[in-house]
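Computed from a predicted model, the values in this text were never measured in an experiment. Side chains included, hydrogens not; waters and symmetry mates left out as well; all remaining heavy atoms used.
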Amino acid sequence: VESPAVSPPLSAVLDLTVLDLTAGRTVFAGKLDQLGTVTLGDLAQGEQRRYRFLIAFPTGRAPAADNAYQLTSTSVSYVWTAGAAAPGTTPPRVLSPQTAGPPTLHRPTARLTVARRQRPRDARLRVTLVCQARCRARVTARATVGRKRVPLRSVARSVAPARRVVLRLALPRRVRAALSAGRSVVVRLQLRATIAGRVVTVQRTVRVLPVRRSRS
């Protein structure tokens, strides 16, 4: 089930890995929507096995392709069946001793996005914050005006999971004066977010351009 509907759907983008932790093997590795019927092998009476499902958003994609999946969701149900193996099922792939170690966990993280060039109209710099899990975030910034480094007032927020939050950082008087004089200003931002028991740090740089004045 996809919500809302996008093309391609989120389930066709997410990478799924299913591990048999008891046997030390990979049951499935591919896109979430490609998992069909897979043979798990023979189980004796009273035998127990542990499986781990790992979901990851692929890296190396263009940001423009990823933006469409903000606030989207997908859900899936699995049916476990005991009996004879169905024809055409996929046998599990056994890991070699070198690759049968503990799986890599994909921890939730936070993302800070900002236009590389901004032309503020209300003396405020705008940045966007998204946390994959509930987080406590603080954004600090420092502007360079000539040879002077001017700090901006930091902004702190508690952010709900997958919620897109726009933060506005007020530009100090020295920065506004430089913009009024027609000079651009470089601002370096840093996000420090506490999420899932760990601290994530993200840095960004933006060039603030002077506001264009209308002419009569």
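- No side-chain heavy atom of Leu189 sits under 4.5 Å from any side-chain heavy atom of Thr140.
- Under a 3.5 Å cut-off, the side chain of Thr17 and the backbone N or O of Leu54 do not form any donor-acceptor pair.
- Judged by distance alone, the side chain of Arg157 and the main-chain N or O of Leu129 form no donor-acceptor pair under 3.5 Å.
- In terms of heavy atoms, Cys131 sits closest to Val159 at SG-CB, 4.2 Å.
- Side-chain contact between Val127 and Val166 is absent, with no heavy-atom pair separated by less than 4.5 Å.
- Taken to the nearest 0.5 Å, the OG1 atom of Thr205 stands 11.0 Å off from the CD atom of Gln190.
- By the 4.5 Å heavy-atom criterion applied to side chains, Val165 and Val130 are not counted as neighbours.
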**Q.** Val13 vs Arg61, side-chain contact (heavy atoms from CB on, under 4.5 Å): CA-CA, chis, key distance, verdict
**A.** CA-CA 11 Å; Val13 175; Arg61 292 163 48 92; 4.0 Å; yes
Q: Could you please spell out the steps behind the side chain to side chain donor-acceptor pair (under 3.5 Å) verdict for Arg136 and Thr194?
A: CA-CA 5 Å; Arg136 178 67 180 175; Thr194 302; over 6 Å; no
Q: Just do the side-chain contact (heavy atoms from CB on, under 4.5 Å) check on Val206 and Leu125 with the steps written out, would you?
A: CA-CA 9 Å; Val206 57; Leu125 191 65; 3.8 Å; yes
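- The 12-atom threshold is not exceeded at CZ of Arg164, counting heavy atoms of other residues, nucleotides or ligands nearer than 6.0 Å.
- The distance from the CG atom of Asn67 to the OG1 atom of Thr113 is 7.5 Å, given to the nearest 0.5 Å.
- With rounding to the nearest 0.5 angstrom, the CD1 atom of Ile195 is 6.5 Å from the CD atom of Gln132.
- For Arg142, the CZ atom sits in a loose shell: 12 or fewer heavy atoms of surrounding residues, nucleotides or ligands are nearer than 6.0 Å.
- You'll find the side chain of Leu179 stays beyond 4.5 Å of the side chain of Leu209, heavy atoms only.
- Considering only heavy atoms from C-beta on, Tyr51 stays 4.5 Å or farther from Leu19 through its side chain.
- Between Pro9 and Tyr69 there is no side-chain heavy-atom pair separated by less than 4.5 Å.
- Proximity of Gln70 to Arg111: side-chain heavy atoms (C-beta onward) are separated by under 4.5 Å at one or more points.
- Other residues, nucleotides and ligands contribute at most 12 non-hydrogen atoms within 6.0 Å of the CZ atom of Arg174.
- The aromatic rings of Trp80 and Phe53 lie perpendicular to each other, with more than 60° between the two planes, well past the 30° mark.
- If you check the side chains of Thr22 and Arg50, you find no donor sitting under 3.5 Å from an acceptor.
- In this structure, Arg163 places its CZ atom where only 12 or fewer heavy-atom neighbours from other residues, nucleotides or ligands lie under 6.0 Å away.
- Shortest non-hydrogen contact noted between Val145 and Ala178 is CG1-CB, 3.9 Å.
- Arg138 and Ser154 share a donor-acceptor pair across their side chains, judged by distance under 3.5 Å alone.
- Few gaps surround CZ on Arg204; more than 12 heavy atoms of other groups in view lie less than 6.0 Å from it.
- Considering CZ of Arg192 and OG1 of Thr201, their distance stands at 5.5 Å, rounded to 0.5 Å.
- Here the CG-CZ distance, from Leu152 to Arg124, works out to 11.0 Å after rounding to the nearest 0.5 Å.
- Taking each heavy atom of Ala123 and Pro120 in turn, the nearest pair found is N-CB, 4.4 Å.
- The closest side-chain donor-acceptor pair between Arg149 and Thr144, if any, does not fall under 3.5 angstrom.
- Val186 and Val202 fall into different hydrophobic clusters, where Ile, Leu, Val, Met, Phe, Trp and Tyr side chains are chained together by heavy-atom contacts under 4.5 Å.
- Using a 4.5 Å heavy-atom cutoff, the side chains of Asp15 and Lys31 are in contact.
- Rounded to the nearest 0.5 angstrom, Leu10 CG and Leu32 CG are separated by 8.0 Å.
- Taking each heavy atom of Ala110 and Ala193 in turn, the nearest pair found is CB-CB, 3.9 Å.
- By the neighbour-count criterion of 12 heavy atoms within 6.0 Å, atom CG of Asp122 is densely surrounded, having more than that number from other residues, nucleotides or ligands.
- Linking ILVMFWY residues whenever their side-chain heavy atoms come closer than 4.5 Å, directly or via other members, leaves Val1 and Val6 in distinct clusters.
- A chain of hydrophobic side-chain contacts below 4.5 Å, direct or via other Ile, Leu, Val, Met, Phe, Trp or Tyr residues, connects Val18 to Phe57.
- Residues Thr72 and Glu2 have side chains that never bring a donor and an acceptor to within less than 3.5 angstrom of each other.
- For the pair Arg188 (side chain) and Ala141 (backbone), a donor-acceptor distance under 3.5 Å is absent.
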**Q.** Worked check of side-chain contact (heavy atoms from CB on, under 4.5 Å) between Val175 and Val208
**A.** CA-CA 9 Å; Val175 175; Val208 184; 5.5 Å; no
